[in-house]
Structure formats: C-alpha cells, structure tokens
Amino acid sequence: MNNGNATAKKVLVGAAVSAFLIFIDWLTKRLAVLHLKNQDSIPVWKDVFELHYLENHGAAFGLLQNRQTFFIVITTVLLVLIIYFYLRQIPDEPRYRPLNLVAVLFFAGAVGNFIDRVKAGYVVDFFYFVLIDFPIFNMADIYVVIAAFLLIALGLFYYKEEDFERVLTFSK
C-alpha cells in the first residue's frame with residue numbers, strides 16, 4: 001500500500017472510531033437526561049456505584065465553574081493540536097498504532113464534552129462512585145482518562161526515547 005493510501009486509511013479509521021465513540025458519549029448523555037434528570041439516583045451497586053445526574057458547569061472535579069468561553073477556547077486549541085499530531089506527527093506505522101489510538105481517544109473525549117459546552121453551556125455527567133465519593137463523570141471523561149493512562153504506560157513500557165523524538169520532531 002502506498003503512503004497516500006495508508007494515510008487515507010488512517011484518517012478514515014480515526015474518523016470512524018472517533019464518530020463511534022462520540023456517538024456513544026452523546027447517546028449515554030441523552031439517556032441520562034431522559035431517565036436521570038430530576039430523578040433520584042439509581043443504585044447500580046448499593047453503596048458503591050450509582051447513576052446520578054449532574055450538569056457540570058466546570059472542568060474535572062468541578063474546577064473553574066462557569067468559565068465556558070475559556071473551556072471552548074482551550075478545547076479548540078487542544079483539538080487542533082490533536083488533529084495535527086494525528087495527521088502529521090504520529091507515523092502511520094504498526095509500531096505507532098497505540099499512539100494513534102491515544103490521539104483518537106483524546107479527540108473523542110474532547111469533542112464529546114465540547115459539544116455539550118457549546119450547545120448547553122455545561123457537560124452532562126452521570127457515573128458516580130459513591131464508595132470513594134469520586135467526582136461524577138461521563139463516557140467522554142472515560143475516553144480521556146484511558147488515553148492518559150495508555151500514554152503513560154506506552155511511555156514507560158513500550159516506546160523508547162527515539163520513538164518520542166520522532167513524533168516530536170517538527171521538521172517533516
């Protein structure tokens with residue numbers, strides 16, 4: 001397969017996976033609005049995990065409440081950077097497929113919450129670990145956390161310094 005076809009395939013796969021993940025995030029948030037809003041929490045595992053509707057006007061852990069313009073600007077910049085790295089910096093080679101997956105997960109998570117912020121001015125959260133009183137979160141948040149853990153694990157156990165140098169060298 002020539003380089004143009006490989007790049008086109010990478011773009012199509014990344015777009016399809018992103019679209020699917022964004023759809024799952026959107027669907028779960030719509031279900032939360034329909035079935036959880038203005039309702040009591042639904043215990044999934046008593047005293048451990050429940051579905052609890054929350055309109056989050058801030059960031060993770062409720063930080064920076066009501067700073068939607070700030071979040072929209074920062075998210076836009078981050079999305080441009082993710083797209084740039086995915087398309088231009090991360091090689092389209094089997095060794096770098098895990099890093100491509102990390103980029104797609106970050107992208108889908110950012111877009112999922114970005115849509116809520118632009119459309120409603122808040123993000124719908126609904127997963128709540130009661131046992132540890134963990135902040136309420138959603139599918140987009142899960143994508144971002146998985147991507148962050150994968151990136152850390154890949155950096156520690158899979159990629160070597162020269163792999164990251166290759167990705168972070170901007171002379172292509």
message = Between K37 and L54 (side chain of the first, backbone of the second, donor and acceptor by atom type, cut-off under 3.5 Å), is there such a pair?
response = no
ask   = Do I42 and E50 pass the side chain to side chain contact (heavy atoms under 4.5 Å, CB included) test, and can you show the C-alpha distance, the side-chain angles, and the key distance before you say yes or no?
value = CA-CA 5 Å; I42 298 173; E50 65 186 28; 6.0 Å; no
request  = Evaluate the ring planes of F137 and F127, with Trp represented by its six-membered ring, and classify them as parallel (under 30°), tilted (30 to 60°) or perpendicular (over 60°).
outcome  = tilted
task = Report yes or no: do I115 and F20 belong to one cluster of Ile/Leu/Val/Met/Phe/Trp/Tyr joined by side chain heavy-atom distances under 4.5 Å?
result = yes
inquiry  = Hydrophobic clusters here meaning ILVMFWY residues chained together by side-chain heavy-atom distances under 4.5 Å, can you tell me if F149 and I146 are in one?
reply    = no
ask   = Can you hop from V167 to L154 via hydrophobic side chains spaced under 4.5 Å?
value = yes
query = Hey, mind stepping through F126 and N138 against side chain to side chain contact (heavy atoms under 4.5 Å, CB included) and telling me if it holds?
reply = CA-CA 6 Å; F126 52 91; N138 60 44; 3.8 Å; yes
query = Rounded to the nearest 0.5 Å, how far does CH2 of W26 lie from CG of L31?
reply = 8.5 Å
inquiry  = Show the nearest heavy-atom pair for residues F71 and H57, with the distance to one decimal.
reply    = CE1-O, 4.2 Å
ask   = When clusters are formed by joining ILVMFWY residues with side-chain heavy atoms under 4.5 Å apart, either directly or through shared neighbours, do F49 and F134 land in the same one?
value = yes
note = The residue among F23, Y86, F107 that forms side-chain contact (heavy atoms from CB on, under 4.5 Å) with S18 is F107
inquiry  = Are L156 and L151 connected into the same hydrophobic cluster when the rule is that any two of I, L, V, M, F, W, Y join if their side-chain heavy atoms are below 4.5 Å apart?
reply    = no
task = Could you list who else is in V73's hydrophobic cluster, with ILVMFWY side chains joined at under 4.5 Å, directly or through other members?
result = none
task = Rounded to the nearest 0.5 Å, what's the gap from NZ on K29 to CG on L34? Could you check?
result = 14.5 Å
key: Contact summary for P91 and N100, nearest pair of heavy atoms   = O-ND2, 3.7 Å
query = How many angstroms lie between CG in D125 and NE2 in H52, if you round to the nearest 0.5 Å?
reply = 10.0 Å
query = Measuring from I90:CD1 to I82:CD1, what's the distance to the nearest 0.5 Å?
reply = 9.5 Å
inquiry  = Once side-chain contact (heavy atoms from CB on, under 4.5 Å) is applied, do any residues pair with L101, and if so which ones, sequence neighbours excluded?
reply    = L105, L150
remark   = Of V123, V124, V118, the one forming a side-chain contact (heavy atoms from CB on, under 4.5 Å) with N113 is V123
ask   = Does the pair Y143 and I24 meet the rule for a side chain to side chain contact (heavy atoms under 4.5 Å, CB included), with working shown?
value = CA-CA 11 Å; Y143 305 155; I24 295 299; 3.6 Å; yes
inquiry  = Rounded at 0.5 Å granularity, tell me how far CG in L36 sits from CG in L51.
reply    = 5.5 Å
message = Please evaluate residues I83 and R88 with respect to the criterion side chain to side chain contact (heavy atoms under 4.5 Å, CB included), reporting the C-alpha separation (whole Å), side-chain torsions for both, the decisive distance (0.1 Å), and the verdict.
response = CA-CA 8 Å; I83 291 167; R88 305 279 298 164; over 6 Å; no
task = Answer yes or no for R95 and Y158: cation-pi contact, defined as NZ/CZ to six-membered ring centre under 6.0 Å and angle to ring axis within 45°.
result = yes
note = The side-chain hydrogen bond (donor to acceptor under 3.5 Å, both in side chains) partners of Y84 (sequence neighbours excluded) come to Q89
ask   = Is there a donor-acceptor pair under 3.5 Å between the side chain of T28 and the backbone N or O of D25?
value = yes
request  = Could you tell me whether the side chain of F129 reaches within less than 4.5 Å of the side chain of P135, counting heavy atoms only?
outcome  = no
ask   = How close do A148 and F106 get, heavy atom to heavy atom, and via which atoms?
value = N-CZ, 3.7 Å
request  = Specify the closest pair of heavy atoms between I136 and Y128, including all atoms of both residues, with the distance to one decimal.
outcome  = CG1-CD1, 3.6 Å
request  = Using a strict cut-off of less than 4.0 Å between a Lys/Arg side-chain nitrogen and an Asp/Glu carboxylate oxygen, indicate whether R166 and E161 qualify as a salt bridge.
outcome  = no
query = Counting only heavy atoms not in F164, do more than 12 fall under 6.0 Å of its CZ?
reply = yes
remark   = Between A140 and G109 the two heavy atoms that sit nearest each other are CB-O, 3.3 Å
message = I'd like to check L81 versus V77 (side-chain heavy atoms, cut-off strictly below 4.5 Å). Are they in contact?
response = yes
task = Take Y96 and D163 through the test side chain to side chain donor-acceptor pair (under 3.5 Å) and record every step on the way to the result.
result = CA-CA 9 Å; Y96 290 95; D163 293 321; 3.2 Å; yes
query = Is L131 close to W45 at the side-chain level, that is, under 4.5 Å between some pair of heavy atoms?
reply = no
key: Side-chain donor-acceptor contact under 3.5 Å, N38 with Y53   = no
request  = Write down the atom of A108, the atom of L21, and the distance for their closest heavy-atom approach.
outcome  = CB-CB, 3.7 Å
